[in-house]
Asks: 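Once you've had a glance at the structure underneath, I'll fire off some questions.
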Amino acid sequence: MNINPRSRTWFRLAALYFAIGVVLGVVMGASGDHSLFAVHAHINLLGWVSMALFGLIGTVHPAMNEGRVATAQYWMYNLGVPVMLGALTLRLKGFAAVEPLIGAASILVGCSVLLYAWLVFSRIAITAERLRSTTGESSLS
Ligand code: HEM
Ligand code: HEM
């Protein structure tokens with residue numbers, strides 16, 4: 001099975017988040033300080049689990065990775081998730097001023113997920129070739 005470049009990037013990002021999430025889990029377990037457990041949970045779930053699913057679904061249905069909506073979804077997610085989790089870390093360490101940033105970034109992630117839902121409904125049943133021929137959108141533009 002061919003892995004397209006966007007799915008390959010999702011897999012690499014997923015593995016990166018997995019490594020960071022599990023290291024944080026081990027540090028929490030070893031230190032007894034669980035104050036960042038919500039960061040750990042969302043690194044693993046928004047990062048490792050969701051990104052691996054984006055990669056797998058994009059491998060099985062390459063049309064999901066094509067065109068401007070998919071590119072917008074990709075960048076919104078990859079900007080929103082690290083900003084949200086970085087700001088949440090600061091918030092949990094006492095920097096209350098970052099709260100609006102958590103809100104803004106989580107809205108960005110939410111919008112990215114809405115775009116993803118739109119992609120699932122509109123593209124899951126069509127091939128990448130047919131998408132290109134009907135919309136003229138080029139691969140990963
Ligand atoms: C060696 C790997 C891991 C270690 C040592 C670890 C450790 C921990 C620790 C210490 C907590 C805090 C528990 C608490 O204070 O209530 C926690 C919570 C959590 N972990 Fe992990 N974790 C690991 C891997 C994972 C993975 C792979 C996932 C998801 C795919 C995950 C998802 C969660 C979730 C969702 C919570 C929050 C649970 C709750 O609501 O209480 N963890 N983990
Ligand atoms: C923009 C996206 C998301 C936002 C803003 C968000 C926000 C939150 C908030 C505010 C809590 C309560 C935290 C607390 O009481 O300490 C929470 C808990 C939780 N969320 Fe999310 N969430 C998001 C996405 C997800 C996703 C995609 C998953 C699973 C795939 C998930 C799984 C969980 C779990 C397991 C908990 C309980 C553990 C914890 O408190 O950290 N969340 N989330």
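Because only heavy atoms are used, hydrogens play no part in the values below, and waters and symmetry mates are left out as well, while side chains stay in. First listed ligand is number 1; within each ligand, the first listed atom is number 1.
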Asks: Can you measure from CG (Asn78) to CH2 (Trp10) and round to the nearest 0.5 angstrom?
Replies: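 Rounded to the nearest 0.5 Å, the CG-CH2 separation comes to 4.0 Å.
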Asks: What residue and heavy atom of the protein are closest to atom 20 (N) of ligand 2, and at what distance?
Replies: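 For atom 20 (N) of ligand 2, the nearest protein heavy atom comes out as His42 NE2, 2.8 Å.
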Asks: Please classify the Val113 to ligand 2 contact at 4.0 Å (heavy-atom distances, strictly less than): side chain, backbone, both or neither.
Replies: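 It is neither part, as no heavy atom is under 4.0 Å.
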Asks: Compare Val39, Asn44, Leu45 and give the one whose heavy atom is closest to atom 32 (C) of ligand 2.
Replies: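 Of the listed residues, Leu45 has the closest heavy atom.
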Asks: Which of the atoms of ligand 2 are close to Ala38, meaning less than 4.0 Å from one of its heavy atoms?
Replies: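 Those qualifying, in numeric order: 41 (O).
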Asks: Ring centroid separation for Tyr77 and Phe54, is it under 6.0 angstrom?
Replies: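 Between Tyr77 and Phe54, the centre distance is under 6.0 Å.
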Asks: Answer yes if a protein heavy atom lies under 4.0 Å from atom 22 (N) of ligand 1, otherwise answer no.
Replies: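 Under 4.0 Å from atom 22 (N) of ligand 1, at least one protein heavy atom found.
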Asks: Do ligand 2 and Ser106 have nitrogen or oxygen atoms that lie under 3.5 Å from each other?
Replies: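 Between Ser106 and ligand 2 (N or O atoms, distance only) the closest approach is not under 3.5 Å.
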Asks: Using a 4.0 Å cutoff against the non-hydrogen atoms of Leu46, which atoms of ligand 2 qualify?
Replies: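 Answer for ligand 2: 24 (C), 27 (C).
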Asks: Quick one: does Val49 get a heavy atom under 4.0 Å from ligand 2?
Replies: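 False for this residue.
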Asks: Starting from atom 1 (C) of ligand 1, which protein heavy atom do you reach first, and at what distance in Å?
Replies: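 Going by distance alone, atom 1 (C) of ligand 1 is nearest to Val22 CG1, 3.6 Å.
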Asks: Measure the distance from atom 4 (C) of ligand 2 to every protein heavy atom, then report the residue, atom name and distance (to 0.1 Å) of the closest one.
Replies: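 The protein heavy atom lying closest is Met84 CE, 4.1 Å.
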Asks: Who's the nearest protein heavy-atom neighbour of atom 35 (C) of ligand 1, and how far?
Replies: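 Nearest protein contact, heavy atoms only, for atom 35 (C) of ligand 1 is Ala41 CB, 3.5 Å.
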Asks: Is atom 6 (C) of ligand 1 less than 4.0 angstrom from some protein heavy atom?
Replies: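 Yes, because at least one protein heavy atom sits under 4.0 Å from atom 6 (C) of ligand 1.
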Asks: Verify the contact flag for atom 13 (C) of ligand 2, where contact means a protein heavy atom under 4.0 Å away.
Replies: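 No, there is no protein heavy atom closer to it than 4.0 Å.
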Asks: For atom 43 (N) of ligand 2, is the nearest protein heavy atom closer than 4.0 Å?
Replies: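 Looking at atom 43 (N) of ligand 2, one finds that a protein heavy atom does lie closer than 4.0 Å.
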Asks: Rounded to the nearest 0.5 Å, what's the gap from CG on Leu101 to CE on Met84? Could you check?
Replies: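 Here the rounded value is 11.0 Å.
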Asks: For atom 2 (C) of ligand 2, which candidate among Val109, Leu53, Leu108 holds the nearest heavy atom?
Replies: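 Shortest heavy-atom distance from atom 2 (C) of ligand 2: Val109.
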Asks: Quick one: does Thr59's side chain have a donor or acceptor within less than 3.5 Å of a partner on Gly55's backbone?
Replies: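 Flag set: sc Thr59 to bb Gly55 pair under 3.5 Å.
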Asks: Look at the side chain of Arg123 and the backbone N and O of Glu66, then say whether any donor-acceptor pair between them is shorter than 3.5 Å.
Replies: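 Between the backbone of Glu66 and the side chain of Arg123 there is a qualifying donor-acceptor contact (under 3.5 Å).
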Asks: Verify the contact flag for atom 29 (C) of ligand 2, where contact means a protein heavy atom under 4.0 Å away.
Replies: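 Under the 4.0 Å cut-off, atom 29 (C) of ligand 2 does have protein heavy-atom neighbours.
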Asks: Mark up the atoms of ligand 1 that fall under 4.0 Å of a heavy atom belonging to His34, in ascending order.
Replies: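 In order of numbering, the contacting atoms are 10 (C), 12 (C), 13 (C), 14 (C), 15 (O).
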Asks: Without swapping roles, check the side chain of Ser7 against the backbone of Ile3 for a donor-acceptor pair under 3.5 Å.
Replies: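 No, because the side chain of Ser7 does not come within donor-acceptor range (under 3.5 Å) of the backbone of Ile3.
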Asks: Starting from atom 37 (C) of ligand 1, what is the nearest protein heavy atom, named by residue and atom, and what distance separates them?
Replies: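 Checking every protein heavy atom, the shortest distance to atom 37 (C) of ligand 1 gives Phe37 CD1, 3.8 Å.
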Asks: Please say whether His40 places an N or O atom under 3.5 Å from an N or O atom belonging to ligand 1.
Replies: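 Between His40 and ligand 1 (N or O atoms, distance only) the closest approach is under 3.5 Å.
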Asks: Could you tell me the residue and atom name of the protein heavy atom closest to atom 27 (C) of ligand 1, and the distance to it rounded to 0.1 Å?
Replies: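 The closest one turns out to be Phe18 CE1, 3.7 Å.
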Asks: Would you say atom 10 (C) of ligand 2 has a protein heavy atom nearer than 4.0 Å?
Replies: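 For atom 10 (C) of ligand 2 the answer is no, since every protein heavy atom stays at 4.0 Å or beyond.
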